[in-house]
Amino acid sequence: MHGVNQMRILEQAVKEKATAALSAAGASGDLENLLGPATVEELGDLAVPCHSLAPLLKRSPVDIAESISSSLAPVLSGIAEVSAVSGFVNIKAEPKWLAARLCEILPDDRLGVSIEETRVAAVDYSSPNVAKEMHVGHLRSTVIGDAIVRMLMHKGHTVHRENHVGDWGTPFGMLIEHLLDLGEGNAADELGVGDLDGFYKQARAKFNSDEIFVERSRNRVVMLQSGDEETLRLWRVLVDESMRYFNEVYGMLGVLLTNEDIMGESNYHHLLPDVVTRLENLGILEDSDGAKVVYPGGWVNREGEPMPLIIQKADGGYNYATTDLACIIDRVERIGCNDLLYVVGAPQTQHFKMVFEVASKAGLMDNSHNATHINFGSVLDSDGKILKSREGEAIKLVDLLNESVVRAEQAIADRNPSIDPKQRREIAKAIGIGAVKYADLSTERTKDYVFDWDRMLSFDGNTSPYLQYAHARICSIFRRSLIARPLPDGTAITLLHPEEILLARRLVNFSAMVDESLHTYSPHRLCTYLHSVASAFASFYENCPVLSSEDDLVRLSRLALCDLTARTLSTGLGLLGIDSPEQM
RNA sequence: GCGCCUGUAGCUCAGUGGAUAGAGCAUCGGUCUUCGGAACCGAGGGUCGGGGGUUCGAAUCCCUCCGGGCGCGCCA
């Protein structure tokens, strides 16, 4: 299967010898690049297309492939079979070699995943707004960001989770005044039960219709900005009540974010004048209609005029570009980040390009820093429109998560009525939440995806319930087997049946696929891989009896395959932030 | 108008310049007195939006047109 059979470990094992065989055949140039994953798995794991060599060697690709193949075959004996087909040299790992790799991974808690040279990364994700509801728009950022955080941590990196909460700015004048109108106690109650939308909308409605309220709001913003103690206290009430609510949602979702990770906009407030000063000192700050701006170049507005990044508004206020630059300063200079990752929706692509451009221009970061906007598409309904509630409003994230758990619980009750209700509830959480997260993670993140309850909660197909089910089945096998995990050191693995060999091919790739998924910030690649593992396991399980096998060695070998499969699935799902229950 | 993203099987989606473009779902057919049937095996189904170009080779890179989405100055 294309994409899930990278076989990097085989590539490492044969690279030197393959390159040598190529130069022996008379080829020159960057021969390493010729060796790559095969696209037809039946033919091989790796392949060398010889077509580009033909004009150089003045021989046909078929000819070249055959001669390279015959010289390489004996050298790779014991590692891989070598063959030549229509100008390709195909290299296919031998079952014995695969078995030896699995034996190495078997006692390894990390399943072959290496620790990389430590980098310091800041991952900016989730970022809800205080006194506003979390909706599906926050789902993607939170779920994708959390998966990337988990992968980075697993690879040994130092990760700063940064929840860039919207807790500052002009709306807070309005929100605080509304808080006072309601009375603090009532307002806190309303926010506390999670009715953030109601609170915000009431404030907004007054702001749109009541001029006195508008005036009060403006005054309140000034007081907030100038550090008035009572105003700050009221602001703090809004922030605290909102965060309490957000933390509940994070708890439901099972993401790593805590209060420790909150780095709201207010945290950077004191740095904003410094941003202006720095840009001014560099002489890149220009005046435009009273606003202070930087022209990164390359962007034009509707009138075709150069488009600036506004650093300070004409009224002296700052906006989000300024805060983002302050963030970069903070992350580079205080935290010492190498990676600055922003898990934010695709519509902000241009904004981030401009900010990164200005930051580089201003020397706030240099080539040693990797600033990446990890963008993502929208969640759509079955009509291809942005997912909304029946009333045409954004769907509350809590409602969506609750519904998923309810649906999962119903599905379990239908199929496994004997299960204890309390346990059923726990499993339903793992399945329901996992299904929503997996649906979000399993498609290429820059594209929009269609939200579909029936599909994501299905126990078939590329879904988390299918992967969780495969895992639970294996746990069941071990429960019956009375054999304890981990399996004893030195457990022998023998691969005879095609289904065993295919499963082994998948399992040895775990480490490469984790790396691939992380380096491209593409959790869906890990999902695709895990599904291919579960699918290969299903075939194996059907065709290769484990417990009923008469031969003790075969039984143990197959149990080892079961064990590796279960650990690959649970570790992989774990990196995606999804639980793997032992029963379901 | 300018810019970015996007278009692959009936549906939902993979696909790194390589071989006959792949999964899952759905459909149809088959297997098995079930190590958890929530199973497995097989089949049909494609002008990779259209058209040019580069290349030994293009879903992939370039140009152009069409469809869809998003963004484009003091909101975040």
Side-chain angles (χ1 to χ4, degrees), chain A residues 1-4 6 36-40 43 47 49 51-55 61 85-88 90 127 129 164 166 168-171 265 288-293 298-305 307-315 317-321 323-324 345-351 353 375 377-378 380 382 384-386 411-412 414-416 439 442-444 446-450 452 454-456 458-463 465-466 469-470 472-477 480-481 499 516 520 524-525 527-528 531-532 535 538-539 541-543 545-549 555 558 562 583-584:
Chain A
M1 188 196 251
H2 202 80
V4 297
Q6 291 229 332
T39 54
V40 183
L43 295 176
H51 311 80
S52 63
L53 299 173
V85 180
S86 59
F88 292 85
N90 291 309
S127 312
N129 293 307
H164 197 79
W168 203 252
T170 47
E265 289 166 353
S288 175
D289 301 329
K292 293 180 179 175
V293 306
W299 286 279
V300 295
N301 64 17
R302 281 198 179 86
E303 284 71 46
E305 299 153 346
M307 200 166 69
L309 195 63
I310 294 173
I311 306 301
Q312 191 168 22
K313 298 189 284 185
D315 68 2
Y318 305 98
N319 59 15
Y320 75 131
T323 307
D324 280 339
Q348 294 194 43
T349 302
Q350 177 175 306
H351 165 73
K353 279 189 177 159
N375 60 353
S378 309
L380 307 179
S382 54
K385 301 272 168 59
I386 302 275
I412 297 165
D414 289 347
R415 287 156 166 145
N416 196 350
S442 60
T443 62
E444 210 270 310
T446 63
K447 293 185 183 177
D448 298 344
Y449 79 91
V450 177
D452 182 334
D454 291 336
R455 193 164 51 241
M456 73 176 74
S458 166
F459 289 73
D460 298 302
N462 187 14
T463 66
Y466 179 75
Y469 174 58
R473 278 168 115 185
I474 297 171
C475 293
S476 162
I477 294 170
R480 287 167 161 271
S481 76
E499 293 83 3
E516 177 76 16
T520 56
H524 85 278
R525 293 189 181 226
C527 294
T528 305
H531 178 252
S532 78
S535 170
S539 294
Y541 182 74
E542 188 69 20
N543 292 291
V546 180
L547 297 182
S548 49
S549 167
R555 189 165 56 244
R558 288 179 180 171
C562 288
Q583 293 180 60
M584 56 190 273

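Letters go in sequence order (proteins before strands), and every chain restarts at 1.
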Novice: Nearest to the side chain of A:Thr528, heavy atoms from C-beta on, is which of B:A76, B:C40, B:A14?
Specialist: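 Minimum distance to the A:Thr528 side chain belongs to B:A14.
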
Novice: Which value, in whole Å, describes the distance between the P atoms of nucleotides B:U20 and B:C63?
Specialist: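 My reading of the P atoms in B:U20 and B:C63 gives 28 Å.
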
Novice: Respond yes when some side-chain nitrogen or oxygen of A:Tyr541 is under 4.0 Å from OP1 or OP2 of B:G36, and no when none is.
Specialist: yes

Novice: Backbone N or O of A:Ser458 within a donor-acceptor pair of the A:Thr463 side chain at under 3.5 Å?
Specialist: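 Yes; judged by distance alone, with no hydrogens or angles, the pair exists.
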
Novice: B:U60 and B:G18: how far apart are their C1' atoms, nearest whole angstrom?
Specialist: 11 Å

Novice: With sequence neighbours left out, write down each residue that passes side-chain contact (heavy atoms from CB on, under 4.5 Å) with A:Ala346, or none if nothing qualifies.
Specialist: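 A:Ala346 satisfies side-chain contact (heavy atoms from CB on, under 4.5 Å) with A:Thr349, A:Asn375 once adjacent residues are dropped.
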
Novice: Across the strands shown, which category fits A:Pro49 at heavy-atom distances under 4.0 angstrom: base, sugar-phosphate, nothing?
Specialist: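 If one applies the 4.0 Å heavy-atom cut-off, A:Pro49 turns out to touch a base.
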
Novice: Across all strands shown, which nucleotide pairs with B:G1 by Watson-Crick or G-U wobble geometry, both distances under 3.5 Å?
Specialist: B:C72

Novice: Heavy atoms only, 4.0 Å cut-off, all strands: where does A:Asp289 land among base, sugar-phosphate and nothing?
Specialist: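 Result for A:Asp289 = base.
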
Novice: May I ask you to say what A:Leu309 touches in the nucleic acid, namely base, sugar-phosphate or nothing, with a heavy-atom cut-off under 4.0 Å?
Specialist: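 Here A:Leu309 touches no strand at all.
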
Novice: Please determine, for B:G24, whether a Watson-Crick or G-U wobble partner exists with both distances under 3.5 Å, and give it or none.
Specialist: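 Its partner is B:C11 (Watson-Crick or G-U wobble, both distances under 3.5 Å).
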
Novice: Taking only the side-chain heavy atoms of A:Asp460 (C-beta and beyond), determine which of B:G73, B:U16, B:C25 contains the nearest atom.
Specialist: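 Of all the options, the side chain of A:Asp460 is nearest to B:C25.
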
Novice: If you measure from the ring centre of A:Tyr449 to the centre of the six-membered ring in the base of B:U12, is it under 5.5 Å, with the planes under 30° apart?
Specialist: no

Novice: B:C75 phosphate, OP1 or OP2: any side-chain N/O from A:Lys313 under 4.0 angstrom?
Specialist: yes

Novice: What's the closest nucleotide to the side chain of A:Asn301 if the choices are B:G15, B:C72, B:A19?
Specialist: B:C72

Novice: With both distances under 3.5 Å as the test, what is the Watson-Crick or G-U wobble partner of B:G67?
Specialist: B:U6

Novice: Under 4.0 angstrom, heavy atoms only, what part of the nucleic acid is A:Ser476 near: base, sugar-phosphate, or nothing?
Specialist: base

Novice: Is a donor-acceptor pair below 3.5 Å formed from side chain A:Glu516 to base B:U16, judging by atom type as modelled?
Specialist: no

Novice: What do you reckon, do A:Phe88 and the base of B:G18 stack, with centroid distance below 5.5 Å and planes below 30°?
Specialist: no

Novice: Assess whether one donor atom and one acceptor atom, taken from the side chain of A:Asn90 and the base of B:A19, lie less than 3.5 Å apart.
Specialist: yes

